[in-house]
There are 2 protein chains.
Amino acid sequence: MYKLLPDYIKEKITISDPDLETVLSYFKPQKLKKNEILVNPGEKPQRIYFVVSGCLRIFFLTEGGAEATRHFAFENQFATALVSFITGEISKEYVQAIEDTEVYFIWQSDFYELLKIIPQWEKLYRHYLEYAYVTNTNRLMSFITLDATERYRQLLAQNPNVVMRMPNKMVASYLNISQETLSRLKSKA
Amino acid sequence: MYKLLPDYIKEKITISDPDLETVLSYFKPQKLKKNEILVNPGEKPQRIYFVVSGCLRIFFLTEGGAEATRHFAFENQFATALVSFITGEISKEYVQAIEDTEVYFIWQSDFYELLKIIPQWEKLYRHYLEYAYVTNTNRLMSFITLDATERYRQLLAQNPNVVMRMPNKMVASYLNISQETLSRLKSKA
DNA sequence: CGTGCACTTGATTGAAGTCAAGCGCTGTGG
DNA sequence: CCACAGCGCTTGACTTCAATCAAGTGCACG
C-alpha cells in the first residue's frame with residue numbers, strides 16, 4: 001500500500017531514486033468514506049488522484065438530472081476530471097468514493113511543476129494520456145458497434161470489477177442503459 | 001501550403017530553426033485522389049498524416065459489414081490510426097481521402113526517433129494526445145446525453161465542414177445514425 | 001423496528017432502424 | 001455528345017430494442 005505508488009511509477013518510467021523522492025514528496029495521502037463526494041463541478045484548483053485501495057467514480061449530470069458515469073478507477077490507477085485538466089475549462093464532473101477509499105493526490109500546479117523539473121515525468125503523463133485515450137476510444141466503439149446485451153457482456157469480460165463491486169444503477173449509467181434493462185440482462189445471462 | 005506544417009509546429013511548441021529543419025526533413029509529401037484508400041487494416045509500419053489540403057477519413061467495418069466513421073481530418077490537422085499507434089496492436093482502421101488531398105506523412109519509427117532527439121517533440125505529441133482525448137470524450141458524451149436530432153445539430157454547430165463537405169452516408173456513420181434518419185433530420189431542420 | 005433506497009418485474013411507449021421502392025445526378029464508354 | 005448504369009439520396013411502411021411508467025419486494029442502515 002505505501003509502496004503502491006512508487007512501484008507504479010517505477011514500472012512506467014525509469015527514474016533515479018532522488019528524483020523519485022522528489023516526485024513522491026508532492027503527493028499527499030487522503031482517506032475517504034464510502035459514498036463521499038470529494039470533487040464537485042467547478043472546483044479549482046484541481047487534483048489528480050492515485051487510488052491505493054477502494055474505488056473512485058467520475059460522473060456528471062445530464063440535462064434531465066440523471067447521473068452519467070464517465071469512469072471508474074480502482075486500485076493502482078490514476079483518475080481526474082481529465083478534460084478540464086487539459087483545457088482549463090470549468091469541470092462539470094463529480095469525483096466520488098464508492099467504497100472506503102485511500103488515495104494519494106497531487107495538485108495540478110505541482111503536477112506541471114514536476115513536468116518542468118523531472119524530464120521523465122513527461123513520459124508518465126504521456127502514458128496516462130495514452131491509456132486514457134485508448135480506454136475512451138474502446139468505450140466509444142462499444143457504443144457504436146454493440147447493443148445493450150453485448151456491451152454488458154464485454155464489460156463483464158474486460159472489467160469484472162465494475163459489475164461485481166459497483167451498485168447496479170452505477171453500472172447501468174456506465175453502460176448507458178436504464179437500471180431496469182440491466183436488471184433484465186442479469187437475470188437472463 | 002508549403003508553410004502550413006512548419007507554421008503549425010511553431011504555433012504549438014517553441015523550437016529552434018535547426019531543430020525545425022530536422023523535424024521537417026522527416027516528413028514526406030503525398031498527393032491523393034478523391035476516394036483513394038491510403039491505409040488498409042493491418043498495415044505495418046504505420047504513418048502519421050498531416051493534412052495540407054482536402055480531407056482524410058478514418059473508419060472501420062462493423063461485424064455487419066457497415067462502415068463506422070471514427071474521425072475526419074481537414075486542413076491543418078494530424079490524423080492516424082491512433083489506438084494501434086499507441087498499443088502496437090494490429091489496426092482495424094482504414095484511412096481514406098474523401099476529396100483530392102495533399103498530405104505530409106512521417107513514419108512511426110521516425111516519429112519515435114524525433115521524440116528521442118528533439119526534446120520539444122514530446123510536447124507536440126502531448127498536444128496531439130490531449131486534443132485527441134478531448135475530442136473523443138466530447139463525442140462519447142454526445143452519444144450518452146444527446147439523441148439523433150441533437151447530435152446532428154451539435155455537429156452542424158461545432159464542425160460544419162463535416163456536414164457540408166462530406167457525403168451524407170459518411171456523416172450518418174459518424175453520427176452513428178442511419179442514412180435514412182439523417183435524410184429525415186435534414187428535411188425537417 | 002421502521003423507513004427509504006436499490007432492485008425486480010410487468011405493461012406500454014417511442015425513437016430510430018430496417019426493408020422497400022423510386023428519383024436523380026454523375027461519370028463513363030460507345 | 002448522348003445514353004444508360006450505378007450509386008447516393010429521399011420517402012413511406014413496418015419493426016424492434018430499450019426507455020419509461022408503475023407497482024411491488026427486500027435489504028441496509030439509522
Side-chain angles (χ1 to χ4, degrees), chain A residues 32-37 55 57 59 61-69 72 94 96-100 139-156 162-189, chain B residues 33-37 55 57 59 61-69 72 94 96-100 139 141-156 162-189:
Chain A
L32 307 155
K33 271 184 285 192
K34 185 174 174 175
N35 293 326
E36 188 174 345
I37 288 189
C55 169
R57 173 174 82 119
F59 70 96
L61 298 182
T62 65
E63 283 194 27
E67 294 182 0
T69 299
F72 291 107
Y94 296 80
Q96 178 189 28
I98 305 302
E99 307 166 338
D100 288 348
R139 189 153 170 241
L140 188 56
M141 283 173 55
S142 82
F143 283 127
I144 292 174
T145 60
L146 306 179
D147 65 17
T149 310
E150 294 167 325
R151 285 208 300 283
Y152 171 66
R153 290 227 182 89
Q154 180 180 285
L155 181 64
L156 198 56
V162 173
V163 180
M164 281 159 31
R165 288 165 59 178
M166 300 298 110
N168 262 2
K169 53 181 287 192
M170 294 180 189
V171 177
S173 83
Y174 184 70
L175 290 169
N176 197 30
I177 61 181
S178 70
Q179 194 180 169
E180 292 93 326
T181 298
L182 178 60
S183 175
R184 286 184 244 270
L185 285 179
K186 280 189 159 183
S187 69
K188 271 182 214 155
Chain B
K33 271 184 286 195
K34 186 175 173 176
N35 293 326
E36 188 174 346
I37 288 188
C55 170
R57 174 174 80 120
F59 69 97
L61 298 181
T62 65
E63 284 194 26
E67 293 180 1
T69 299
F72 291 107
Y94 296 80
Q96 178 189 28
I98 305 302
E99 307 167 338
D100 288 346
R139 190 154 169 240
M141 283 172 56
S142 81
F143 284 127
I144 291 175
T145 59
L146 306 179
D147 65 17
T149 310
E150 294 167 326
R151 285 209 299 285
Y152 172 66
R153 289 229 181 88
Q154 180 181 285
L155 181 65
L156 199 57
V162 172
V163 179
M164 280 158 36
R165 288 164 62 177
M166 301 297 110
N168 262 2
K169 53 181 288 191
M170 293 181 191
V171 177
S173 83
Y174 184 69
L175 291 168
N176 197 30
I177 61 180
S178 69
Q179 194 181 170
E180 292 93 326
T181 298
L182 178 59
S183 176
R184 287 183 246 266
L185 284 179
K186 281 188 159 182
S187 69
K188 269 180 215 156

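Order of the sequence lines sets the chain letters (A, B, ...), proteins ahead of strands, with each chain counted from 1. As a basis for the values below, the full set of heavy atoms in this structure was taken, side chains included, without hydrogen atoms, waters or symmetry mates.
Counting heavy atoms from C-beta outward, A:M166 and A:I98 have side chains that approach closer than 4.5 Å. At a threshold of 4.5 Å between non-hydrogen side-chain atoms, the residues B:L155 and B:Y174 count as touching. A:L156 has its side chain out of reach of A:K186: every pair of non-hydrogen atoms, C-beta onward, lies at least 4.5 Å apart.
When the side-chain contact (heavy atoms from CB on, under 4.5 Å) test is applied to B:D147, the partners found at least two apart in sequence or on another chain are B:T149, B:E150.
Going from atom CG of A:L185 over to atom C1' of C:dT9 covers 14 Å, rounded to whole Å. At whole-Å resolution of the value, CG in B:N35 and P in D:dG6 are 18 Å apart.
No donor-acceptor pair closer than 3.5 Å links the side chain of A:R57 to the backbone N or O of A:Q96.
Among all heavy-atom pairs drawn from A:V162 and A:V171, the shortest one is O-CG2, 3.5 Å. The two residues A:D100 and A:K34 come nearest to each other via the heavy atoms OD1-N, 2.8 Å.
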Contact state string [nucleotides 9-23 of chain D, B base, S sugar-phosphate only, - no protein heavy atom under 4.0 Å]: BSBBB----SSBB--

One character per nucleotide, please: for nucleotides 24-30 of chain D, 5' to 3', B when the base has a protein heavy atom closer than 4.0 Å, S when only the sugar-phosphate does, - otherwise. -------

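The OG atom of A:S142 lies 14.5 Å from the CZ atom of A:R153; values are rounded to the nearest 0.5 Å.
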